[in-house]
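Read the structure below first, then the notes.
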Amino acid sequence: MTQNSASKLLNGDTVHRTKQDKKASGNGFVKTHCVFQQQQKRYRRPAEKNHHASCASPLYNKPFAESFEETPLLVAVLTYVGYGILTIFGYLRDFLRDWKFEKCHLAREREQQKDFVPLYQDFENFYTRNLYMRIRDNWNRPICSVPGAKMDLVEQVTPDYNWTFEHTGKVLKDVINMGSYNYLGFAENSGTCADAASECTVKYGAGVSSTRQEMGNLDKHEELEKLVARFLGVESSMVFGMGFATNSMNIPALTGKGCLVLSDELNHTSLVLGARLSGSTIRVFKHNNMQSLEKLLRDAIVHGQPRTHRPWKKILILVEGIYSMEGSIVRLPEVIALKKKYKAYLYLDEAHSIGALGPRGRGVVDYFGLDPSDVDIMMGTFTKSFGAAGGYIGGKKELIDYLRLHSHSAVYATSMSPPVTQQIITSMKCIMGEDSATLGQERLCQLSENTTYFRRRLHEMGFIIYGNNDSPVVPLMLYMPAKIGAFGREMLKRNIGTVVVGFPATPIIESRARFCVSAAHTREMLDTALNAISEVGDLLQLKYSRKNRPGSEGSDCFSYLESHQD
Amino acid sequence: MEMKKMRENLGWLYYQYLLITGIYVLEPWEQSVFNTVLFTTVAMVIYTSYVFVPVHVRLALEFFSELVREQPESTVALMN
């Protein structure tokens, strides 16, 4: 019943119950997976979530090792203390600004509006004025070269504590770039991709000046769509000009009122926006937690829609391939098993994982060795691994034909620009190895080597790193608000550009620095970066990890806590 | 050399204090305000403990030792 009206849209998998399904439909097979093993023998404490699918699980063909070490208690307390002190000073400064002891640099209400409902009193504005502004020089730094493995930054100084910036005219050259999503190193201004793109600009110009449905459908787009479909192993695909808009404009075309969207806790804003715009009921399950997802699915099917108890028209599960703030990889085999058991649909957003995971670079489906036709809607972006911009959706032919007519992006948004399209075509052919060079395969191997090396070294140094051992996104925990600013600045002093992330994007005490490993980084660059990170880690006392590691005695000041917990 | 190392060490400890309390992000005058307030509070705590803690500890010890001494005296009186 859940597939009734949807059978016209998504030409359903007429599910032939295979042997595996029959086993899976036994009572609670998925639930009794002993996936979450508390490794009690080796790590008694600190308590951490260490996910290993090593106990004879038939769905995983390689060990799935993720770790999210728990925040040390002392660090959490001190972080709250730090935020408390900064909040008090925030109130003090607001008081001074209100009573005109100090000049106010920001937006204020006009005199005539003073008696109306106040506009800038909520916590977000308070946080922006008093905490974000003080360390604002770590973000929005202008780059004046191609964001490859090394880049040039414009130096800026601020005479009035980050309210305004001035350029000194100097340029910081060859800053090692650990923040760009340049996983395969295609962000370059020389080489086959750049040459092909410039030829294409000469032929087609730079702009398209129309939407896809009117006059903006170039033969390059058709070529690219066939190529993407071949790359992913699906029947057909469609490309859009902007990755964010791909999610937010296409989910409303797929679901509507009377449908149920089950979305992961930590999904990207574009997915959340698309789900909210569609008007469906949204339920959230815990991050990467299959028990939570199964419980929601069972409740949805048993109870149906809220008041009428009618069955849901469709159930759509929204997950991402790699979650960029955590570095965790979705448990795709289990999600697919659940999807088949409960006849739901799966929307997989591979923004960070396409090109970066898997032996052939085809994303998280390739990484787990699964069949691409199991995933109903495969979405991804070209921004990260292909060095271009835009997004795509791949799936069955009927689905894509429906989207060509009904997607908001196809009707109203300008289509992809020709040089960008050519860049994607060239880089994708390079990854697939079709241009008879081995560059693609070399880069894929280089990326996975770099990822393993970088993560291992950081782990040995004693930092708390989140995420899966194979994901090229590496979040390093900072926790305290002052360390966010200090880390960014100290790394820039050592000529390394990093991205630090604080409150609205992460929970308030879990601020982090996020490194993106690239295939363009050589071993020397990674070593330089690692030495600098270690230096800064010692200077700022960031080596919080309490897991057993070689040569760890006395290097951190939290070792006394271990004895207390004994 | 000794003095230089000690000064470096103290500088590093002050930097850690700035980072942990979050003062690092504030402007210099705010840092001075916070340091003054904290120093004053800590000084008052030390002064109060210096003046009052020995007296209170002595009184408490006397109170408890009296209780212990009274016990055998009264039982002896009862026996007699």
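Sequence lines set the chain letters: A, B, ... in the order given, protein chains first and strands last, and positions in each chain run from 1.
Heavy atoms of other residues, nucleotides or ligands lying less than 6.0 angstrom from OH of A:Tyr91 number 12 at most. Heavy-atom contacts from other residues, nucleotides or ligands closer than 6.0 Å to CD of A:Glu124 number 12 or fewer. With a 6.0 Å radius and a threshold of 12 heavy atoms from other residues, nucleotides or ligands, A:Asp122 has its CG atom above the threshold.
Between A:Ala482 and B:Leu19 the shortest heavy-atom distance is CB-O, 3.3 Å.
Using a 4.5 Å cut-off between heavy atoms, A:Leu96 contacts chain B through its side chain alone, with no backbone atom that close. Using a 4.5 Å cut-off between heavy atoms, A:Leu539 touches chain B through backbone and side chain atoms alike. Of the atoms belonging to B:Tyr15, it is side-chain heavy atoms, and not backbone ones, that fall under 4.5 Å from chain A. Using a 4.5 Å cut-off between heavy atoms, A:Leu540 contacts chain B through both its backbone and its side chain.
Along residues 23-30 of chain B, the residues that come nearer than 4.5 angstrom to chain A, judged on non-hydrogen atoms, are B:Ile23, B:Tyr24, B:Val25, B:Leu26, B:Glu27, B:Pro28, B:Trp29, B:Glu30 in order of number.
By the 4.5 Å heavy-atom criterion applied to side chains, B:Thr21 and A:Val81 are not counted as neighbours.
In this structure, CD1 in B:Ile20 is found 10.5 Å from CD1 in A:Ile85, a value given to the nearest 0.5 Å.
Of the listed residues (A:Gly485, A:Gly84, A:Gly82, A:Ala486), the one with the most heavy-atom contacts under 4.5 Å to chain B is A:Ala486.
For B:Trp12, the ring pair (Phe, Tyr, Trp, His ring centres under 6.0 Å) test picks out no residue, with sequence neighbours left out.
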